[in-house]
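The first residue in the sequence is number 1, and the count goes up from there.
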Amino acid sequence: MPTYTGNNASLLRTRIAPTPSGYLHIGNAFSFVLTALICYSQKGELRLRIDDLDEQRKRPEYVEDIFDSLDWLGIPWQVGPSGPGDFEANFAQRHRRDLYEGHLTQLSFNEEVYRCICSRKILQQQLKRGILTCPCLLEKQNFDANAVPVAWRMPTPPEVQVEWRDLYLGMQRIRPVEGTPNFVVCKKDGFPAYQLTSLVDDSLYQTNLVVRGADLLPSTAAQLYLADRLALTPFPKASFVHHPLLVDSRGEKLSKSTGGRSLLSIRSKHRQPEILYRYFSRLLKLPQRGNTFEELLSIFPSVYPPIER
């Protein structure tokens with residue numbers, strides 16, 4: 001497995017980017033630990049960035065849980081908020097909304113997006129019928145946003161294929177139309193959507209390594225395509241690690257906050273994070289078990305090894 005080779009090898013910049021739409025879970029913990037291990041083993045810079053622009057799902061207790069969980073895990077970060085109060089005052093995404101809106105205006109001016117009234121259910125029904133193009137785009141409708149709630153979507157032409165070399169999975173070739181067809185860049189409530197805000201933040205903060213679960217491969221393809229439409233850098237030249245999803249003995253994903261898998265639930269039972277670190281040590285095929293983040297970092301190689309497939 002190669003070492004990091006992003007567009008600025010002099011300083012690796014990566015991030016932990018939780019969303020306060022629920023309590024953090026074991027899957028989050030693994031992704032955050034792996035991100036921090038890769039970053040600090042190569043003397044990089046780790047940012048805590050909380051993606052909180054989903055006002056309908058955001059809760060203060062979820063924001064609090066992010067800081068409690070990172071403190072419990074012992075994961076340090078160098079850039080970003082020191083706590084919930086500092087986050088709300090200085091780092092919440094609402095402070096960057098003008099930046100997101102500027103990019104939305106650019107997409108609209110260049111006629112790169114279209115208005116859509118379709119619900120997710122309607123689009124899922126279309127997909128089941130093999131229709132990859134949104135009905136609103138097919139009919140070229142121009143809805144009045146003042147009369148009916150509309151979303152702004154980025155059309156994904158069937159011929160477009162996004163390519164990148166993943167440091168874990170190898171060469172990836174994904175057509176956005178298959179994974180994230182006609183994805184939303186501005187929601188019906190008027191708020192910029194995740195695919196846009198995450199991309200813009202990564203560009204703003206010069207992120208050149210992104211570590212995320214394999215379930216987000218379609219999101220990476222969508223964001224790389226969107227970066228091209230907006231001419232944003234350095235995201236298209238960043239390095240990516242899409243790690244496998246964690247599953248239990250029955251094959252069920254551990255990336256859920258239910259069934260005692262939330263970090264809050266584990267903490268409430270007065271259990272120490274060593275139970276997770278020993279598990280992560282095995283997943284990462286480290287030569288010995290570690291009980292804390294510092295112990296894992298001390299045995300984590302500077303050349304990133306394959307995760308158990």
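At least one donor-acceptor pair under 3.5 Å links the side chain of Gln206 to the backbone N or O of Ser203. A donor-acceptor pair under 3.5 Å is formed between the side chain of Glu295 and the backbone N or O of Asn291. Under a 3.5 Å cut-off, the side chain of Ser281 and the backbone N or O of Gly290 do form a donor-acceptor pair. Judged by distance alone, with hydrogens and angles left aside, the side-chain atoms of Arg96 form a donor-acceptor pair with the main-chain N or O of Phe91 at under 3.5 Å. A donor-acceptor distance shorter than 3.5 angstrom exists from the side chain of Lys188 to the backbone of Ile117, with no hydrogens or angles considered. With Ser31 contributing its side chain and Asn28 its backbone, the two residues share no donor-acceptor pair below 3.5 Å. In this structure, the side chain of Tyr40 engages the main chain of Pro76 through a donor-acceptor pair within 3.5 Å.
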(message) For Leu46 and Thr35: C-alpha separation, side-chain torsions, deciding distance, then whether side chain to side chain contact (heavy atoms under 4.5 Å, CB included) applies.
(response) CA-CA 8 Å; Leu46 181 63; Thr35 301; 4.0 Å; yes

(request) Tell me, with the steps shown, if Tyr114 and Trp152 meet side chain to side chain contact (heavy atoms under 4.5 Å, CB included). (result) CA-CA 6 Å; Tyr114 69 96; Trp152 288 93; 5.8 Å; no

(message) Go through it in stages, so that I can follow the logic: the residues are Phe235 and Phe240, the test is side chain to side chain contact (heavy atoms under 4.5 Å, CB included), and I'd like the CA-CA distance, side-chain angles, deciding distance and then a yes or no.
(response) CA-CA 10 Å; Phe235 193 80; Phe240 296 89; 3.7 Å; yes

(request) Assess whether side chain to side chain contact (heavy atoms under 4.5 Å, CB included) is satisfied between Leu107 and Leu226, documenting all intermediate values. (result) CA-CA 10 Å; Leu107 290 171; Leu226 182 56; 4.0 Å; yes

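Under a cut-off of 6.0 angstrom, the local environment of CD in Glu111 is sparse, with at most 12 non-hydrogen atoms contributed by other residues, nucleotides or ligands. Under a cut-off of 6.0 angstrom, the local environment of CZ in Arg57 is sparse, with at most 12 non-hydrogen atoms contributed by other residues, nucleotides or ligands. For Arg94, the CZ atom is densely surrounded, since the number of other residues' heavy atoms within 6.0 Å is greater than 12. Surrounding CD of Glu163 are more than 12 heavy atoms belonging to other residues, nucleotides or ligands, all under 6.0 Å away.
Aromatic pair Phe280/Phe293: ring centres not closer than 6.0 Å. Aromatic ring centres of Tyr168 and His243: separated by at least 6.0 Å.
Residues satisfying the side-chain contact (heavy atoms from CB on, under 4.5 Å) criterion with Glu178, sequence neighbours excluded, are Arg175.
Arg267 and Ser69 share a side-chain donor-acceptor pair at under 3.5 Å. Arg212 and Thr220 form a side-chain donor-acceptor contact under 3.5 Å, judged by distance and modelled atom types alone. A donor and an acceptor atom, one from each side chain of Asp201 and Tyr100, are located under 3.5 Å apart. With 3.5 Å as the limit, one finds no donor-acceptor pair spanning the side chains of Glu274 and Thr292.
Heavy-atom minimum distance, Glu101 versus Gly190: OE2-O, 4.0 Å. For the pair Asn182 and Cys134, the tightest heavy-atom approach, listed with the atom from each and the gap, is ND2-N, 3.3 Å. In terms of heavy-atom proximity, Gln93 sits nearest to Leu53 at OE1-N, 3.1 Å.
Every pair passing side chain to side chain donor-acceptor pair (under 3.5 Å) that includes a residue from residues 75-85 is listed here, sequence neighbours excluded: Ser82-Asp86.
No cation-pi contact links Arg289 to Tyr279, judged by a cut-off of 6.0 Å to the six-membered ring centre and 45° from its axis.
Among Thr197, Thr14, Thr207, the one residue that satisfies the side chain to side chain donor-acceptor pair (under 3.5 Å) test with Asp202 is Thr207.
Between Trp164 and His242, the ring-plane angle classifies as tilted under the 30° and 60° cut-offs.
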